[in-house]
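Shown next, in structure tokens, is the structure this report addresses.
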Amino acid sequence: MDNKGFRLSRIYAEGWRMAAELPSNDCDELDPDRIAALNPYATEPERSRWRDGFSKAIWSF
């Protein structure tokens, strides 16, 4: 895996972790604007990778 691929995989994991750390009652109140506000990345492809990790984690709980 190249350096960029590895970095993007870590960003995905950051999104996953953020979702896993949210209290379960917060997960019920998430909307796209709130998720976007939690995302620390402003540019692509990092922003999308974080969102993908976050979204997958939310749907897996």
Exercise. Using the test side chain to side chain contact (heavy atoms under 4.5 Å, CB included), find all partners of Asp31 that sit at least two apart in sequence or belong to another chain.
Key: Asp33, Arg34
Self-check item: From CG (Asp52) to CH2 (Trp16), nearest 0.5 Å
Solution: 12.0 Å
Quiz prompt | For Pro45, side chain to side chain contact (heavy atoms under 4.5 Å, CB included) partners two or more places apart | solution = Lys4, Leu8
Quiz item: Does Arg47 reach the main-chain N or O of Tyr41 with its side chain, forming a donor-acceptor pair under 3.5 Å?
Solution: yes
Practice problem: Would you indicate whether the side-chain heavy atoms of Phe54 and Asn39 approach each other to under 4.5 Å? | Solution: no
Self-check item: Residues that Ser48 engages under side chain to side chain donor-acceptor pair (under 3.5 Å), provided they are two or more places apart
Solution: Glu44, Arg51
Quiz item: Is Ile35 close to Ile58 at the side-chain level, that is, under 4.5 Å between some pair of heavy atoms?
Solution: no
Self-check item: Nearest non-hydrogen partners of Trp59 and Ser55, listed with the distance
Solution: CD1-O, 2.9 Å
Quiz item: Residues in salt bridge (Lys or Arg N to Asp or Glu O under 4.0 Å) with Glu14, at least two apart?
Solution: none
